Amino acid sequence: MVSSMRTRASEEVATAVREGRPVVALESTLLAHGLPPGHNRKVAARLEAVVRERGAVPATIAVLDGVARIGLSDDELDRVCDPDAGLVKLSQRDLGPVLGLGLSGATTVASTCALAHSVGVGVFATGGLGGVHRGAATSWDVSADLGVLAGTPVVVVCSGVKSVLDIPATLEVLETYSVPVLAYRTDAFPAFYLRDSGLPAPWRVDTADQVAATVLAHRTEVPGDSGVLVANPVPSDVEMDRDLHDRLLREGLDLLRSRDVRGKDVTPVLLEHFHSGSGGASLVANEGLVVHNAEVAADVAVAISERSGPVRA
Ligand code: PSU
Ligand code: MN
């Protein structure tokens, strides 16, 4: 486990990792930049609570004052969720500058995976993975989430990728990078707000133990350091209405063009458009799916540590 001046696991997380007990990493960009203020703090607390209820230790990750923190206190979570704290969105490539310059920011899937792995945490829950954006053939906008997953042996539990992305192209890149994609209790690859993207998932699994068996085989028998993607669909009772979703998506893509939104602002602007245009339906879906992902991730972390046995000091 790497522990340095600039990367610090909380006492609780460090002890759990040392003892081989289950830990689930959680990201902070979805709190700081994906959910509205006020709402985000409640979701942060709920995510940590469900992970504990399932027998794992939550480790929310953010960079605060030049230190990458793995496992946040209540005050630190308040800060991450406070819009006035002005935390920037940090992808993997932003970690060096923000750590070196003593700044603060919220971590995306890419940077959360990298930091989780650096302290020995191998399971991570989020909302949606970043992917290949529509029009990427000319904009070159492909999320760093894919490249980091290609080279970081972490299990990421998400609800597929947002339908605002080019989903077929994202699945192709995951194949190119040799990332196994397991759909959880479904045959379809999910699309964040919707349970079915219309594309089949490469593999289906039905239990957390099947995920654990796959992950351990992948890590021990298959050359390379790629992660594993577990695609867990949004619960049916909070899935968005497809017509509303399709209308908001069309409008959102027009909005990006008319305002010339680019780079790391694309995902937050689209999410905000969904939240304000759906009368709260997208928020209910977003919260429901991310909580469900935290539950499944906790079950997977428990199953992996049961199969691995206790760590001998
Ligand atoms: N999923 C959510 N809300 C979010 C994101 C994912 O439910 O805000 C964030 C994640 O942090 C993901 C990022 O890593 O969006 C992808 O951004 P980009 O496309 O700029 O790489
Ligand atoms: Mn991008």
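Start at 1 and go down the list; that is how both ligands and their atoms are numbered. Values in this document were obtained by computation on a predicted structure and should not be read as measured data.
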Would you mind checking which non-hydrogen protein atom is closest to atom 9 (C) of ligand 1, with the distance to 0.1 Å?
Thr29 CG2, 4.0 Å
Look only at interatomic distance and state if Ser143 has a nitrogen or oxygen under 3.5 Å from any nitrogen or oxygen of ligand 1.
yes
Side chains of Ser111 and Gln92: is there a donor and an acceptor less than 3.5 Å apart?
no
When you measure from the side chain of Glu76 to the backbone N and O of Ser73, does any donor-acceptor pair fall under 3.5 Å?
yes
Side-chain donor-acceptor pair under 3.5 Å between Glu27 and Thr108, yes or no?
no
Return the residue, atom name and 0.1 Å-rounded distance of the protein heavy atom closest to atom 16 (C) of ligand 1.
Asp145 OD2, 3.8 Å
Does a donor on one side chain and an acceptor on the other come within less than 3.5 Å for Asn232 and His292?
yes
So which heavy atom in the protein is nearest atom 7 (O) of ligand 1, and how far is it from that ligand atom?
Phe192 CZ, 3.1 Å
Give the numbers and elements of all ligand 1 atoms closer than 4.0 Å to a heavy atom of Asn286.
7 (O)
Minimum distance, heavy atoms only, to atom 1 (N) of ligand 1: which one of Ser91, Gly128, Pro268 is it?
Gly128
Name the orientation class of the two ring planes belonging to Phe274 and His245 (parallel below 30°, tilted from 30 to 60°, perpendicular beyond 60°).
tilted
What are the atoms of ligand 1, with element, lying closer than 4.0 Å to any heavy atom of Leu271?
3 (N), 4 (C), 8 (O)
Just distances here: any N/O of Val109 and N/O of ligand 1 closer than 3.5 Å?
yes
May I ask you to test the Ile304-Arg307 pair for a side-chain heavy-atom distance under 4.5 Å?
no
Do Asn293 and Ser159 have a side chain donor and acceptor closer than 3.5 Å?
yes
Do Ser282 and His275 have side-chain atoms, one donor and one acceptor, less than 3.5 Å apart?
yes
Check Leu289 against ligand 1 and report side chain, backbone, both or neither, counting heavy atoms closer than 4.0 Å.
neither
Under 3.5 Å, is there a donor-acceptor pair linking the side chains of Ser226 and His218?
yes
Could you tell me which atoms of ligand 1, counted from 1 in the order shown, lie closer than 4.0 angstrom to a heavy atom of His133?
19 (O)
Check whether Thr60 reaches the backbone of Leu26 with its side chain - one donor and one acceptor, N or O, closer than 3.5 Å.
no
N/O/S atom name from Asp141 that is nearest to the position of the Mn ion (ligand 2):
OD1
Should His33 be counted as touching ligand 1, given the test is an N or O pair under 3.5 Å?
no
Closest to atom 5 (C) of ligand 1 among protein heavy atoms sits Lys162 NZ, 3.9 Å
Nearest non-hydrogen protein atom, atom 20 (O) of ligand 1
Lys89 NZ, 2.8 Å
Evaluate the criterion side-chain contact (heavy atoms from CB on, under 4.5 Å) for residue pair Val80 and Leu87; output intermediate values, then yes/no.
CA-CA 7 Å; Val80 165; Leu87 264 65; 4.0 Å; yes
Please determine if Thr126 has a nitrogen or oxygen closer than 3.5 Å to a nitrogen or oxygen of ligand 1.
no
Protein residue, atom and distance nearest to atom 11 (O) of ligand 1, heavy-atom basis
Glu27 OE1, 2.7 Å
contact_flag Thr267 ligand 1 heavy-atom lt 4.0 Å:
yes
